[in-house]
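Structure first, commentary second.
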Protein chains: 2
Amino acid sequence: MSKELPEWEKAREEFVVQWGSLGTQWGIPRTMAQIHALLMTAPEPMCTDDVMERLEISRGNAHTNLKDLVGWNLVRIITKKGDRKEYFEAEKDVWKIFITISKERKRREIEPAINLLRDCAARTKDEAVGPGKDFHQQMQDLDEFLSFGVKVADTVISMKHASALQWAMRLLG
Amino acid sequence: MSKELPEWEKAREEFVVQWGSLGTQWGIPRTMAQIHALLMTAPEPMCTDDVMERLEISRGNAHTNLKDLVGWNLVRIITKKGDRKEYFEAEKDVWKIFITISKERKRREIEPAINLLRDCAARTKDEAVGPGKDFHQQMQDLDEFLSFGVKVADTVISMKHASALQWAMRLLG
DNA sequence: TCACACTTTCATTAAAAACTGAAAATAATG
DNA sequence: CATTATTTTCAGTTTTTAATGAAAGTGTGA
């Protein structure tokens with residue numbers, strides 16, 4: 001007797017697989033994106049074996065990617081009493097997911113870039129004319145833009161969903 | 001006699017190399033990011049051979065990545081009269097770069113995701129209770145969030161830098 | 001129309017990234 | 001403390017992605 005999945009589980013299957021492909025285009029490992037999709041749509045927290053079985057992947061792979069997701073603060077570990085296994089549960093609130101990803105990307109991707117730009121700007125601060133000056137200016141422009149973006153992001157990150165929505169609605173007119 | 005680079009060119013060298021590494025963390029091919037960095041800081045448009053020589057990469061590699069950057073609208077082709085070579089010039093205006101990247105990412109990454117979410121939501125629209133309903137709701141929430149984000153992005157994309165700045169300043173208080 | 005300058009493609013190779021599976025480490029239980 | 005359940009690591013393998021370099025294609029001008 002095979003497992004005849006209910007309709008919503010078929011849609012979920014599709015979601016997981018496709019989210020995985022989209023992930024790779026985003027530069028996110030396929031398995032990580034799939035696990036995230038799986039957990040975002042999980043009625044209950046899942047353990048490593050659940051994930052392994054569902055996605056037909058190895059223990060090492062499941063483990064590593066689950067822990068990476070925890071490192072991204074997109075997934076948290078749940079323990080049930082009388083059970084020594086770890087269960088994993090994804091944040092499902094879309095606004096919270098957005099905030100979390102914004103924070104992490106800022107930290108991992110934007111801030112290192114800003115550091116590089118500042119370093120390059122500092123090294124050329126005495127260039128007064130020509131290409132050297134232009135280079136310095138370009139580094140500074142990029143730095144200012146990203147730094148300003150970070151400020152905006154920090155503000156949004158600190159907002160409640162409702163306030164952010166209100167604010168954005170005003171923009172849309 | 002070796003080429004003793006001026007100070008700003010050393011900083012540029014650093015910028016190109018490091019921007020390349022940052023790129024890979026972003027999911028952008030190293031060479032593509034390096035070429036982009038090189039062109040963003042180029043006093044003059046560069047031809048394929050210039051890029052090959054500077055980055056010590058093959059013709060095929062240089063060609064493919066230059067054309068990919070053109071496909072991203074981050075670089076445009078310049079022709080000089082009396083010269084049949086193509087020269088490449090990157091957009092240097094930070095705000096324009098931002099707009100361009102936003103547009104492309106929307107098209108390549110967000111819109112396909114929205115399509116998937118809508119499909120999954122549609123397939124489960126009749127689920128009235130329990131996990132099936134929750135799944136449907138989750139797909140809808142994600143869809144709504146991303147669609148709203150696209151609207152905001154479209155508005156920002158259509159704004160002049162100055163207006164966007166003014167608007168953001170208001171947010172920052 | 002031939003030769004040349006340049007661009008594009010693509011089969012092959014190289015490099016990087018992701019995944020496996022099993023062993024080692026850890027920690028809970030009795 | 002010994003057993004057992006579970007997590008973590010990692011050397012080796014597979015898969016994917018990127019880069020090479022040479023050949024094919026294109027189009028311009030003599």
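Naming convention: chains lettered A, B, ... in sequence-line order (proteins, then strands); numbering from 1 in each chain.
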note = Ranking B:R59 and A:N65 by the position along DNA chain C of their nearest nucleotide, the one closer to 5' is B:R59
message = Counting only side-chain heavy atoms from C-beta out, which of D:dT6, C:dT7, C:dC19 sits nearest to B:E86?
response = C:dT7
task = Rounded to the nearest angstrom, tell me the gap between atom CZ in B:R30 and atom C1' in C:dA14.
result = 14 Å
task = Establish, from distance only, whether the side-chain atoms of B:Q138 and B:D134 form a donor-acceptor pair under 3.5 Å.
result = no
query = Under 4.0 Å: is that the gap between some side-chain N or O of A:T64 and OP1 or OP2 of D:dT9?
reply = no
message = What is the separation between atom CG on B:D49 and atom P on C:dC6, rounded to the nearest whole Å?
response = 8 Å
Minimum-distance nucleotide (side-chain atoms of B:S58 versus C:dT9, D:dG21, D:dT7) = D:dG21
query = Roughly, in whole Å, what's the span from CG in A:L66 to C1' in C:dC19?
reply = 14 Å
query = At under 4.0 Å, does any side-chain N or O of A:H63 touch on OP1 or OP2 of D:dT7?
reply = no
Separation of atom CD1 in A:I28 from atom C1' in C:dA18, rounded to whole Å = 15 Å
note = Per atom distances to the A:K67 side chain, the nearest of D:dT7, C:dT7, C:dC19 is D:dT7
key: Residue B:R84, side-chain atoms from C-beta onward, closest of C:dC4, D:dA18, D:dT7   = C:dC4
key: Centroid-centroid under 6.0 Å between B:W167 and A:W167 rings   = yes
key: Salt bridge present between A:E127 and A:K133 (N-O < 4.0 angstrom)   = no
remark   = Per nearest nucleotide of DNA chain D, the residue lying toward the 5' end, A:D83 or A:T24, is A:D83
request  = Give the ring-plane orientation class for A:W95 versus A:H161, where under 30° counts as parallel, over 60° as perpendicular and anything between as tilted.
outcome  = parallel
request  = Could you tell me the separation between the CG atom of A:N61 and the C1' atom of D:dT8, rounded to a whole number of Å?
outcome  = 14 Å
message = Using whole Å, what does the distance between atom C1' of nucleotide C:dT9 and atom CG of B:D68 come to?
response = 14 Å
